[in-house]
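Report on one structure; see the data block that follows.
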Amino acid sequence: MARSGTYVLRPQKQREPRFRIEYDQLLNGSQLEAVTTTEGPVLVIAGAGSGKTRTLVFRVARLVEMGIDPRSILLLTFTRKASSEMLRRASSLLDGRCDDVAGGTFHSFANIVLRRHAKVLGIDSGFTILDRGDNEDVINLVRARLGFDKKEKRFPRKQTIASIFSMAVNKSRTLGELLETSYSHLIDHADDLQALLTSYEAYKAERQLLDYDDLLLVLHRLLETQESVRDQLSRQYRYIMVDEYQDTNPLQAAIVRLLACQHENVMAVGDDAQSIYAFRGASFRNIMDFPDLFPGTQIVTLEENYRSTQPILDVTNHIIAQARERYSKSLYTVKKDGESPLLIAAESENFQSRFVCQRILELREEGVPLPEMAVLFRSSFHAFDLELELTRHDIPFVKRGGFKFIETAHVKDALAHLRVVANPRDAVSWHRVLLILEGVGPRRAQSLTAELTASQDPAELLDAQSGRSYSTALRALAGLVRNVRQADRHPEEQLNQVLQYYDPHLKRIHRDDYPKRAKDLEHMVSIAARYKSLETLLADMALEPPSDSVGDVVAIDEPEGLLTLSTIHSAKGLEWHSVFILWAVDGRFPSVQSMHDDEELEEERRLLYVAATRAKQNLYICYPINMYDRAAGMVLSKPSRFLDDVPPEILTPMDLVEE
DNA sequence: GTTTACGCATCCCCG
DNA sequence: ATGCGTAAAC
């Protein structure tokens, strides 16, 4: 075909720059290296406050700008809040293009994958997730069934058993090995524990129940045994990033290894000095071993700290310098000036609390807003006295970590009713629901539960129980189940139905503090309102329960914001202008339980390191001189051994004296 | 045989 | 404040 031969000249379109974000302007050299190394295994050793989150955010944005499908990027983090926050930031850099990036915790990722693929392993997609309390309940149930509750020799408590079972999974050890190495005092019970474990596994399998560990375990089994699923997932998630790698365990590492089988594009980010979850089976060795798992790993170290002043870093560097084994790195900052951190000796716990209140009020006067301040502690109960004192001074606060309101009896009761509707074979929840009724105890609950989980229509079966003192109550329950079951109901409405039914029971069981508990349940309704389906609500309640502690569900519309109280574990990754650390006393921090074991002591040291590195400007480490001991009465305390080697020029000792 | 009420030790950190 | 064992009540 002949062309006409005439040409038109048109101004050249402005060529788009390859990248909209000016990475080299916004990141330092190491961060840039981490962000631009997009192919192959990368390990980022990120010191505290070194811009780890920023690096991950920009790397997500970079991959998307390179034209990679957001759905093929997987960001695994420690909490789902962390991943959604990072993805939100990445999205705002790139006007929403990062919204489709897959993100979450290992557990939430496992949940999603298993709902879709676990059928091939004989697990129904409607499986129920057992939280820690549930799994202890099941262990108790099975223990009673095997007759171990009536042994002459004292059998370990259910929490102990649960944590041993869990540890075995997370450390990829057999029960026998674990008992030998870590629980030698229980070796006499080895056979019974093994039998209990076997029954526990069988019990869950029959009823489509998965505990937290099963989520990881089954995901691992799926990836290992189902080649086609593994290849499909690995091809789908071509770029994998794992945050807080120092707090992952060998099982999680194995999952990452399998997921990356097609491409090895894995970036692990973490800080061995901040590994604080060994009690959950995590090991900082994981991060040390990453290069062995992925040969050819590029290691990038982030050492410039953007958070804290030099005087604070001097203290934290001293605390961690004593640690026995670590990737060596030393943090530095450009913020050379700042006040020296203080070590405050208070006469008693209450003096400690009053000092904190007073200093907080002074700082507020100086213009530091309450949300920029935090009080951190080893254990939730360490803050009880302070909470009273804060209330007395009208200082509003939220408390993070510790006992969660989701773990209270009444909230679990309400949820159990929803769970039996979602999974009629959920024996744990049936049991719980039945026990609420008058005239039904463990025995009858158990036999009814057995019938219910085997029945085609539980509601019908409940109706059929006549002639008992409690048969009217069972009929009421049947009515509730029928109502809630209607498929087109909204979770909020379903929960309201449950509460209407449960309310008289709540009044009867908790006569004294009924109003407080009723308020918690109202809070539950507002949470349920955020969900479209019952299944996602229940999965979320198990996978990421609201982190508010009991009593903090009251409205939080304080205009000037809230002071944060937090366990150190829950403070991971966060930062504040001014940070107070309570109870830096031998016996509390490190805790007595850890003092017999070197590894546990090392973890306590890292925990103090994590706490101290949260501070940007002011750091106050407090301890009471006199403390109450149940056995010995009032005793003189000794400051935490981790502070022994920090020179007084660096951490200034102060006595708290009354004017 | 079962449930319930009562008194007693115990209490870390968490998805 | 919960979680256990034991004794009284249904």
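Quick caveat, the model's predicted, so the values are computed rather than measured. Here is the naming used below: chain letters follow the sequence lines, and residue numbers restart at 1 for every chain.
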Taking NZ, NE, NH1 and NH2 as the nitrogens, is one of them in A:Lys519 or A:Glu522 under 4.0 Å from a carboxylate oxygen of the other? no

Is it true that A:Lys204 and A:Asp214 make a salt bridge, defined as a side-chain N closer than 4.0 Å to a carboxylate O? yes

DNA chain B: A:Leu216 or A:Ser594, which has the more 5' nearest nucleotide? A:Ser594

Closest heavy-atom pair, A:Ala571 versus A:Arg614, reported as atoms and distance to 0.1 Å, is O-CD, 3.5 Å

Candidate nucleotides B:dG15, C:dC4, B:dC12, ranked by approach to the side chain of A:Ser379 - the nearest: B:dC12

Between P of B:dC12 and CZ of A:Arg132, the distance in whole Å: 11 Å

How far apart are the C-alpha atoms of A:Phe78 and A:Tyr277, what are their side-chain angles, what is the distance that settles it, and do they pass the ring-ring contact (aromatic ring centres under 6.0 Å, His included) test? CA-CA 11 Å; A:Phe78 200 71; A:Tyr277 276 87; 4.7 Å; yes

Would you indicate which nucleotide in B:dG15, B:dC13, B:dT2 comes nearest to any side-chain atom of A:Arg444? B:dT2

State which of B:dT3, B:dC14, B:dC12 makes the closest approach to the side chain of A:Arg443. B:dT3

Minimum-distance nucleotide to A:Asn140 side chain [options: B:dC14, C:dC4, B:dC12]: C:dC4

Would you call A:Arg132-A:Asp211 a salt bridge at under 4.0 Å N-O? no

Candidates B:dC13, B:dC12, B:dG15 - which lies nearest the side chain of A:Thr567: B:dC13

In whole angstrom, what separates A:Asn111's CG from B:dG15's C1'? 12 Å

Give a yes-or-no answer on whether the side chains of A:Ser380 and A:Lys399 include a donor-acceptor pair shorter than 3.5 Å. yes

Residue met sooner reading DNA chain B from 5', once A:Glu600 and A:Ser166 are mapped to nucleotides: A:Glu600

Could you go step by step and tell me if A:Tyr514 and A:His410 meet the ring-ring contact (aromatic ring centres under 6.0 Å, His included) rule? CA-CA 10 Å; A:Tyr514 166 78; A:His410 49 292; 9.9 Å; no

I need the CD-P distance between A:Gln159 and B:dT10, as an integer number of Å. 13 Å

In whole angstrom, what separates A:Asp520's CG from C:dA1's P? 14 Å

Counting any heavy atom closer than 4.0 Å, what does A:Phe106 reach on the DNA or RNA strands: base, sugar-phosphate only, or nothing? nothing

Are A:Phe279 and B:dC13 stacked, counting the six-membered base ring, centres under 5.5 Å, planes under 30°? yes

Check whether any side-chain nitrogen or oxygen of A:Ser591 sits under 4.0 Å from OP1 or OP2 of B:dC13, and answer yes or no. no

Return the value, rounded to whole Å, for the distance between atom CG of A:Leu435 and atom P of B:dT2. 14 Å

For the side chain of A:Glu438, starting at C-beta, report the closest nucleotide among B:dT4, B:dG15, B:dC12. B:dT4

Once you round it to whole Å, what is the distance between P of B:dT10 and CZ of A:Arg157? 8 Å

Give each protein N/O atom lying under 3.5 Å from an N/O atom of nucleotides 7-10 of chain C, with the pair distance.
none

Hey, are A:Arg221 and A:Glu224 close enough for a salt bridge, meaning a charged N less than 4.0 Å from a carboxylate O? no

Without decimals, in angstroms, what is the distance between A:Leu448 CG and B:dT2 P? 12 Å

Short side-chain N/O contact to C:dC4 OP1/OP2 from A:Lys158, under 4.0 Å: yes

Tell me the interatomic distance from A:Ile129, atom CD1, to B:dC14, atom P, rounded to whole angstroms. 19 Å

